[in-house]
Amino acid sequence: MNFSLKNFALILFVGLSSTLIAQNNRKVDTNIFPKAEKNQKQVVIELPHSANDHNKKVEIFVGKDMETDQCNRYTLPGKFAQHDLKGWGYNYYSFESSGNAASTMMVCPDNSKKSQFVHAQGYLLDYNGRMPIVIYVPEGFTVKYKIYQSDAEWYEGMEVKQK
C-alpha cells in the first residue's frame with residue numbers, strides 16, 4: 001500500500017510539473033518586453049507555426065463587451081501604434097482609446113438590448129507563428145483576433161486596352 005501511495009505522489013508531481021512547464025513554454029520570453037503601465041495590461045498572442053505562415057494574416061481587434069440596442073452600429077474610436085523593442089529586433093503594439101463608443105443614431109422600433117463586443121477598427125499584421133504578438137491595452141479592454149489564409153491559387157487582373 002505504501003508503494004502505491006509513492007507511485008500516486010510521483011504521478012501527481014510529474015503531471016503538475018509538466019503542466020507548469022507547458023504554461024511557461026513561450027516562444028520568446030515575454031519578460032524582455034516592457035511592463036504594462038498603470039491602468040494598462042499586457043496581452044500576448046501565441047500563434048501556431050506552420051509551413052504556410054507566409055500565406056496568412058492576423059487581424060487584431062481591441063474592444064469591450066457593452067450593452068447596445070438592436071438596430072444601431074457601434075464602434076470604438078482608438079489608435080494602434082507599433083513600437084520597436086530596442087536591442088532585440090522585435091515589435092510590440094499599443095492601443096489607446098477613451099473607451100467611449102460611437103454609434104449610428106437610428107431610432108429603434110423597440111428598446112430591447114443586447115450584449116456585444118464593440119471594437120475599434122482592426123489592425124492587420126503579417127502572420128508569424130514563431131513570434132508572439134505583444135500588445136498593451138487599457139484595463140477593461142479585451143483583445144480578440146482573426147486569422148486569414150489565402151489559397152495557393154494566383155489570379156490575374158484583366159488588362160484594359162485603350163482605343
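FYI, the numbering just counts along the sequence from 1. The model shown is predicted, which means the values in this text are computed figures rather than measured ones.
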When you check the gap from the basic side-chain N to the acidic O, do D69 and K113 get nearer than 4.0 Å?
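K113 and D69: not salt-bridged.
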
Would you find more than 12 non-hydrogen atoms of other residues, nucleotides or ligands less than 6.0 Å from [X] atom [atom1]?
| X | atom1 | answer |
| --- | --- | --- |
| K114 | NZ | yes |
| E59 | CD | yes |
| N111 | CG | no |
| Q42 | CD | yes |

What distance separates [X] [atom1] from [Y] [atom2], expressed to the nearest 0.5 Å?
| X | Y | atom1 | atom2 | result |
| --- | --- | --- | --- | --- |
| E46 | T30 | CD | OG1 | 8.0 Å |
| N91 | L125 | CG | CG | 9.0 Å |
| F33 | W88 | CZ | CH2 | 9.0 Å |
| S98 | K79 | OG | NZ | 13.5 Å |
| I133 | L47 | CD1 | CG | 4.5 Å |
| Q149 | H54 | CD | NE2 | 9.5 Å |

Under the side-chain hydrogen bond (donor to acceptor under 3.5 Å, both in side chains) rule, collect the residues that match up with E37, sequence neighbours excluded.
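Partners of E37 under the side-chain hydrogen bond (donor to acceptor under 3.5 Å, both in side chains) test: none.
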
Nearest heavy-atom neighbours spanning [X] and [Y]:
| X | Y | answer |
| --- | --- | --- |
| E139 | Q40 | OE2-O, 3.1 Å |
| S115 | D65 | OG-CB, 4.3 Å |
| R130 | N128 | N-OD1, 2.9 Å |
| P77 | A101 | CD-CA, 4.3 Å |
| L124 | K57 | CD1-CB, 3.8 Å |
| G63 | L76 | CA-CD2, 3.8 Å |

Indicate yes or no: at least one non-hydrogen side-chain atom of [X] is less than 4.5 angstrom from one of [Y].
| X | Y | result |
| --- | --- | --- |
| V62 | V43 | no |
| H83 | P34 | no |
| C108 | Q70 | no |
| C71 | V107 | no |

Without swapping roles, check the side chain of T75 against the backbone of A102 for a donor-acceptor pair under 3.5 Å.
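Not at all, since once roles are kept as given, no pair shorter than 3.5 Å links the two residues.
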
For K64, is there any backbone N or O sitting under 3.5 Å from a side-chain donor or acceptor partner on T142?
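No; judged by distance alone, with no hydrogens or angles, the pair does not exist.
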
Using the rule given for side chain to side chain contact (heavy atoms under 4.5 Å, CB included), can you reason through D84 versus K86, listing the C-alpha separation, both sets of side-chain angles and the distance that settles it, and then say yes or no?
CA-CA 6 Å; D84 179 43; K86 303 269 190 259; 4.2 Å; yes

Under the side chain to side chain contact (heavy atoms under 4.5 Å, CB included) criterion, do V134 and Y90 qualify, and how do the steps go?
CA-CA 10 Å; V134 178; Y90 303 147; over 6 Å; no

Suppose the criterion is ring-ring contact (aromatic ring centres under 6.0 Å, His included): which pairs have a residue in residues 94-146, not counting sequence neighbours?
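ring-ring contact (aromatic ring centres under 6.0 Å, His included) check on residues 94-146 returns F61-H119, F80-F95, F80-Y123, Y92-Y136, Y93-Y123, F117-H119.
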
Just jot down the ring pair (Phe, Tyr, Trp, His ring centres under 6.0 Å) partners of Y148, sequence neighbours excluded, or say none.
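If we apply the ring pair (Phe, Tyr, Trp, His ring centres under 6.0 Å) test to Y148, skipping adjacent residues, there are no hits.
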
